[in-house]
Number of protein chains: 2
Amino acid sequence: MTVNGNSAQGHAAPTINDVASLAGVSKKTVSRFINNSPMMSEATREKVSVAIDTLGYVPNPQARALALRRNFMIALLHDNPNAKTVVNFQKGVLSAIRDTELALAVRPVDRESPDLLADVESFLTKQRPLGVLILPPISERSDLVELCQRLEVNYVRIGSTPLDTSEHCVASNDRQIVCKMVGALIRAGHQRIGFVRGPEGFRSPIEREGGFMDALSAANIEFDPDLIYRGNYRFESGVLAGQQLLNRETRPTAIFVSNDEMAAGVLHVAHELGIRVPGDLELLGFDDTGTASYVWPPLTTVHWPIEEMGRLAALKLVPEFVGDGAENEDLNAVIVPSHIVERSSAKLNLKDAKLL
Amino acid sequence: MTVNGNSAQGHAAPTINDVASLAGVSKKTVSRFINNSPMMSEATREKVSVAIDTLGYVPNPQARALALRRNFMIALLHDNPNAKTVVNFQKGVLSAIRDTELALAVRPVDRESPDLLADVESFLTKQRPLGVLILPPISERSDLVELCQRLEVNYVRIGSTPLDTSEHCVASNDRQIVCKMVGALIRAGHQRIGFVRGPEGFRSPIEREGGFMDALSAANIEFDPDLIYRGNYRFESGVLAGQQLLNRETRPTAIFVSNDEMAAGVLHVAHELGIRVPGDLELLGFDDTGTASYVWPPLTTVHWPIEEMGRLAALKLVPEFVGDGAENEDLNAVIVPSHIVERSSAKLNLKDAKLL
DNA sequence: AAACGGTTTGTCACCGGTGTCAAAAGACTT
DNA sequence: AAGTCTTTTGACACCGGTGACAAACCGTTT
């Protein structure tokens with residue numbers, strides 16, 4: 001015998017009226033119970049609670065949505081080239097809202113489209129989600145945020161660095177972790193280090209570049225501008241980067257690539273040129289969303305905690321729904337720490353790190 | 001000046017009553033227009049249409065959801081180990097419903113959990129989606145389908161082979177395409193071919209195995225049972241497969257691996273053992289969701305058309321919403337054709353194929 | 001002109017909750 | 001015991017649509 005008891009009653013789901021008459025109160029009182037209003041005596045609270053349990057009553061979200069002008073749904077807005085990022089983030093969000101009545105709607109948008117704002121506005125006004133989660137890179141667009149504010153839709157932005165106040169933002173600290181990893185690479189003996197950058201116009205490439213440069217200047221290494229390649233985070237551009245950086249007479253002994261997919265592209269070229277990795281060349285990636293462990297050799301990289309960020313973002317967006325086990329979480333935390341995963345593509349010297 | 005005109009009116013969205021009074025008709029008539037009921041004179045249809053346009057009226061989905069006991073949302077039910085599959089499927093679905101008022105809700109479930117059915121039932125009764133899309137492997141579970149039928153929720157199942165009637169199913173034909181690819185491998189000269197199978201208990205591994213065996217028997221090659229390894233579709237199990245199949249005195253000259261992630265694992269081992277691919281060994285994968293092109297050498301594989309399957313599944317699930325450009329699609333089609341992508345990990349002889 | 005069948009339109013209750021505000025019930029004074 | 005203030009409860013309209021059914025309209029027929 002399982003938890004559910006309502007299928008006996010000819011299969012009509014019990015309504016608030018059923019509960020009200022069974023408990024001998026008005027439906028407004030039941031409504032108060034549902035929304036745990038403080039203005040209730042313990043006695044009636046108990047009566048209603050019993051009635052709800054015996055009927056197996058569950059409030060109808062559509063009716064509440066109409067009355068409250070708010071759908072019991074949170075939306076995920078993204079324009080993300082990386083599937084794994086999106087899915088892992090979804091996993092985090094869903095682990096947070098698993099036992100709630102909330103649904104998660106995904107809404108991919110087209111960053112390039114001039115209708116982006118109109119699209120999102122129509123989505124928000126039609127679906128009226130409780131709130132939206134905005135993934136990078138569009139999380140950086142202030143016009144989107146202003147739209148949310150105007151439409152009075154709560155939001156949480158995800159970023160590679162804090163983009164907003166703590167209740168509206170979850171971030172990793174890419175700059176710091178990259179600095180740490182590249183620092184460990186330098187301490188392992190490298191001086192001539194290449195850098196493959198991400199696309200222009202977004203924040204995470206800037207952060208990762210900042211971390212790279214920080215590490216170099218901390219070690220008093222002057223950066224050779226010939227050793228930089230500007231990619232777009234895609235595998236193909238990693239191939240181009242590899243062709244440019246590895247086909248020169250004096251190759252770098254190591255390359256930090258701003259994400260794993262491009263690192264896979266560089267690796268591809270290294271193989272074609274017969275350059276041994278590691279050995280002739282060491283390679284550092286960023287993201288750790290699968291690709292890093294599927295290539296040969298597996299990449300030393302930064303694990304970007306996107307799943308955990310999803311979980312935290314959901315907690316911040318709708319704390320009142322996920323409160324159960326999470327009251328003691330620190331919802332003011334903005335930074336979710338990343339960590340370095342040392343695999344075969346590069347040897348690091350993590351021990352001798354000076355104080356951070 | 002953009003399309004929207006309602007923000008002038010103090011920002012309250014126009015309701016059906018506004019439209020009704022502007023058009024000089026009752027709100028029921030407007031409702032008829034919205035649901036394009038046939039019982040309307042051309043004259044009133046025109047009046048209402050004009051009123052809707054001038055006000056920029058959009059029906060409130062929550063209200064309709066309440067009245068119709070149906071949420072304007074389709075749900076994606078999955079328990080899929082492969083992130084790319086899920087995201088690409090989502091992309092297909094969203095390309096179909098982009099211009100509709102529909103939302104897409106994702107609902108990952110836990111195949112192992114004894115509460116799976118209860119979970120899904122609670123989700124379906126609470127959210128009351130228009131319909132659900134069920135991804136493999138849980139698309140094979142008949143108890144889920146019976147649940148949908150009992151709750152009167154429309155559904156479309158995705159599979160590697162037709163699982164249901166044409167209105168409830170979209171499928172690839174894994175067996176046929178694998179047979180074709182392995183046949184081309186045989187014609188390229190291989191006789192001793194290894195096989196890495198997917199997990200027990202699901203359909204797609206069976207189909208892919210069937211295709212492999214078909215190709216062998218069509219060429220009158222007897223299969224050596226020592227050349228099979230049973231994996232679970234994950235990278236790690238590909239590594240184990242590689243260790244077993246490649247550490248023997250007489251190695252296979254080629255291996256067909258039932259998915260790309262495991263193929264990446266086999267490749268990993270080949271590199272460790274210094275086995276050249278191609279050259280000493282040729283490798284065939286299946287899926288083509290990214291991994292295949294990010295490894296070295298890039299894999300010859302089958303492109304599994306999961307995105308297109310998503311699009312078609314959405315069309316079948318809610319044809320009345322996506323009808324616009326799609327009337328002329330064949331919604332009776334069940335099989336979405338796959339195709340072979342020849343990259344570097346194996347040379348095929350596709351030309352000399354006999355008739356299929 | 002009245003009766004008739006078919007089409008188009010409107011009325012009103014209803015979907016299942018919530019907001020407003022007034023009434024009822026308790027607690028506390030005097 | 002009556003008066004006052006505070007807490008708890010209920011009546012009723014409302015959120016924005018749809019369904020059932022009745023009314024109005026229209027062109028024919030008798």
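All figures in this text were calculated on a predicted structure; none of them were measured in a lab. Reminder, nothing fancy here: chain letters follow the sequence lines and each chain counts from 1.
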Would A:T125 and B:V58 satisfy side chain to side chain contact (heavy atoms under 4.5 Å, CB included), going step by step from the backbone distance to the final call?
CA-CA 9 Å; A:T125 52; B:V58 180; over 6 Å; no
Atom of [X], atom of [Y] and distance for their closest heavy-atom approach:
| X | Y | value |
| --- | --- | --- |
| A:V87 | B:A83 | CG2-O, 3.4 Å |
| B:A313 | B:F89 | CB-CZ, 4.2 Å |
| B:K27 | B:I16 | O-CD1, 3.5 Å |

Which residues satisfy the ring-ring contact (aromatic ring centres under 6.0 Å, His included) test with A:Y155, sequence neighbours excluded?
A:H168
Determine the contact category for [X]: base if any of its heavy atoms lies under 4.0 Å from a base atom, sugar-phosphate if only primed atoms, P, OP1 or OP2 are that close, otherwise nothing.
| X | value |
| --- | --- |
| B:Y57 | sugar-phosphate |
| B:F33 | nothing |
| B:V30 | nothing |

[X] [atom1] to [N] [atom2], straight-line distance once rounded to whole Å:
| X | N | atom1 | atom2 | result |
| --- | --- | --- | --- | --- |
| B:R69 | C:dG17 | CZ | P | 12 Å |
| B:L66 | C:dA13 | CG | P | 18 Å |
| A:I16 | C:dC14 | CD1 | P | 17 Å |

Going by the rule side chain to side chain contact (heavy atoms under 4.5 Å, CB included), which residues pair with A:T15 if we only count those two or more places apart in sequence or in a different chain?
A:N17, A:D18
Go through the structure and list residues passing side chain to side chain contact (heavy atoms under 4.5 Å, CB included) with A:K47, not counting sequence neighbours.
A:V25, A:T44
Protein-nucleotides 19-27 of chain C N/O pairs closer than 3.5 Å?
unit_1	atom_1	unit_2	atom_2	d
C:dG19	N7	A:K28	NZ	2.7

Test item: B:N60 side-chain N/O and B:A63 main-chain N/O as donor-acceptor pair under 3.5 Å
yes
Testing the 3.5 Å rule here: is there a donor-acceptor pair between the side chains of A:N35 and A:R64?
yes
How about NZ on A:K91, more than 12 heavy atoms from neighbouring residues, nucleotides or ligands closer than 6.0 Å, or not?
no
Considering the terminal five base pairs at each end of the helix from C:dA1-D:dT30 to C:dT30-D:dA1, what angle separates the two local helix axes, rounded to 10°?
70°
B:Q62 versus A:R128: any side-chain heavy-atom pair under 4.5 Å?
yes
Of all nucleotides in DNA chain D that come within under 4.0 Å of a heavy atom of chain B, which is furthest toward the 5' end and which toward the 3' end?
D:dG16 to D:dA20
Indicate whether OP1 or OP2 belonging to C:dT9 is found under 4.0 Å from a side-chain N or O atom of B:S26.
no
